Participant: 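Here you go, one structure.
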Amino acid sequence: MQGDFQKEEAFLREKFREYYSKHKVTSVPEIDKREFGIGNFGKKIVRRHMSFGDYAELNTFLRSEAPLFISYSAAYYRDASARPMERKGLLGADLVYEFDAGDIPTKCKEKHDFWICPKCNSTGKGSVPKCPKCFATTKQYEFPCKRCIEETKKQVIKLLNILESELGLTQGISINFSGNAGYHVHIRSDTIRHLSQDARIELVDYLTLSGFVPEHNGFDLSTKMLKCPEYAELKGAQARVMQHMIKFIMNANTDELAQYGCISLPSRRKREGLKLASYIHENKESVVARIKKGTLFYIGSRTVASAFWRAIIEHAVRLASIKLDRQTSIDIHKIVRVPDSLHGSSGFIAKTVPLDELKEFDPFEHALAFDSGQIKVFINKAPEFKIADDTFGPFENEQAELPTAAALYLVAKGVAKLCD
Ligand SMILES: [Zn+2]
Ligand SMILES: [Zn+2]
């Protein structure tokens, strides 16, 4: 949508102020040691190096300034507002893992995401960075739906399982909806706080299985008898990979086994690979029983079988890995959305979600900040979307009177303007 959004930004701020005057934010432990940053319409961070002595100070600020975005540091500092960074005096940092629907491919993105060319006004579905007509850089509009956000929740649940079963970590974990397209997991404890940068890197690599080499993990794909680690004794990442491999073999049909198993075979050997896939599928119980005892069964050529099993192991590694962005996960100085604050790209609450409510949590129902009133807006373009029990859109160049939460959502996304 062209033009300026001054009126819309002011309106969002007014609504945010109204919200903050009724709701206190108290979700940042040891608030006086944290760095804060705020953002404007369309810009998540315009100012950093801010600090607040206590919750009263933070909430006074939220009520008076009503920033469209507010983030805080995973790190604790002696003097959080000092600059440059080195002068803050780092005291430690929480672990914060961010899961964003944008990083997980879902088919529905082709339906609800779209782009507009600012130069020639062409538009289309999905994500296209360059306009196919005039080659200008397009503007992307993302409308992650419930399904997209559910995918990020699956990653969160996978992470929680690993933290508990492999690392024995169950305390000090808090989860919040990011406010727009995913979830954030905060892990806080004395041990975590003092983890070195190297330990943080090691932990992320462990979770994402980056650099998992089968040969370093009990697999032998070169000898006459193809081998895997014996299941009963396994722990940690090896157990995780083996569990996913076994689950995949038990649930896949011949086509799926062939699709992944034959991926690196030259075309003249694909037939042999397909034969092996079909054999494995038809005898999956006995194949899995042998896997548990340390043998990767095969028929036909060992060369084909070795490549086949390697590809299946690689697929299992992908299934067993947590989809995390390595760079942001290890960045000790990063700032992340303040839980329970409002998100300026959706108008939703970055709501804290208790562990036992995570499965049921639906941001389009449970993260809404406004439940009364109607607002008249002119909508440039929007896909169908759901807020609470109602479905809206799709809209294209039309005026509509919408419930406040729905109107705010479109205004925050930059696709709707207020009507006079
Ligand atoms: Zn164009
Ligand atoms: Zn979707």
Side-chain angles (χ1 to χ4, degrees), residues 1-5 42 97-159 175-185 318-319 322-325 337 343-351 353 358-368 379-397 402 405-416:
M1 201 166 197
Q2 308 293 320
D4 75 74
F5 283 87
Y97 293 132
E98 297 163 75
F99 297 91
D100 193 280
D103 301 329
I104 300 173
T106 45
K107 281 192 185 135
C108 47
K109 280 192 182 128
E110 283 298 316
K111 252 173 91 183
H112 49 63
D113 289 358
F114 61 90
W115 56 271
I116 298 177
C117 172
K119 215 168 138 193
C120 75
N121 270 326
S122 295
T123 173
K125 286 189 181 285
S127 162
V128 175
K130 290 261 181 244
C131 173
K133 271 194 193 146
C134 76
F135 307 108
T137 301
T138 61
K139 196 162 166 21
Q140 307 286 325
Y141 293 88
E142 290 168 1
F143 283 78
C145 67
K146 185 178 171 181
R147 268 213 1 241
C148 289
I149 298 170
E150 278 298 308
E151 284 304 310
T152 69
K153 189 195 282 179
K154 284 185 194 161
Q155 294 294 317
V156 172
I157 291 170
K158 214 152 109 183
L159 171 70
I175 299 162
N176 66 284
F177 171 54
S178 72
N180 187 36
Y183 291 91
H184 294 171
V185 179
R318 271 194 301 277
L319 294 172
I322 303 277
K323 309 282 174 285
L324 275 176
D325 183 76
R337 188 85 37 244
H343 194 293
S345 304
S346 64
F348 292 171
I349 311 165
K351 201 162 183 176
V353 186
L358 181 61
K359 272 213 167 87
E360 301 303 316
F361 186 83
D362 171 7
F364 295 98
E365 194 181 336
H366 303 123
L368 305 177
I379 307 144
N380 187 26
K381 191 177 166 73
E384 185 181 287
F385 63 96
K386 240 188 114 184
I387 299 271
D389 294 328
D390 298 311
T391 305
F392 304 95
F395 297 109
E396 184 119 27
N397 290 321
L402 301 175
L408 233 57
Y409 179 65
L410 297 182
V411 168
K413 292 264 170 215
V415 296

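Along the sequence shown, the residues carry numbers beginning at 1. In each ligand, atom 1 is the first atom listed, and ligand 1 is the first ligand listed. All values derive from a computational prediction rather than experimental measurement.
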Participant: Hey, what's the angle at the Zn ion (ligand 2) spanning NE2 (His112) and SG (Cys108), nearest 10 degrees?
Facilitator: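 Vertex the Zn ion (ligand 2), arms to NE2 of His112 and SG of Cys108: 110°.
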Participant: Compare all side-chain heavy atoms of Asp362 with those of Lys146 and state whether any distance is below 4.5 angstrom.
Facilitator: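 They are in side-chain contact.
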Participant: Is the shortest heavy-atom distance from the side chain of Phe99 to the side chain of Ile104 under 4.5 Å?
Facilitator: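 No; the side chains remain at least 4.5 Å from each other.
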Participant: Before moving on, can you tell me the angle at the Zn ion (ligand 2) between the SG atom of Cys148 and the SG atom of Cys145, to the nearest 10 degrees?
Facilitator: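 Centred on the Zn ion (ligand 2), the SG/SG angle is 120° (to 10°).
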Participant: Just to the nearest 10 degrees, tell me the angle at the Zn ion (ligand 1) spanned by Cys120 SG and Cys117 SG.
Facilitator: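 Rounded to 10°, it measures 110°.
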Participant: Using the rule ring pair (Phe, Tyr, Trp, His ring centres under 6.0 Å), only one of Phe364, Phe114, Phe385 pairs with Phe143; which is it?
Facilitator: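 Single ring pair (Phe, Tyr, Trp, His ring centres under 6.0 Å) partner of Phe143 among Phe364, Phe114, Phe385: Phe114.
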Participant: Roughly how far, to the nearest 0.5 Å, is the CD atom of Glu142 from the NZ atom of Lys413?
Facilitator: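 If I round to the nearest 0.5 Å, the distance is 7.5 Å.
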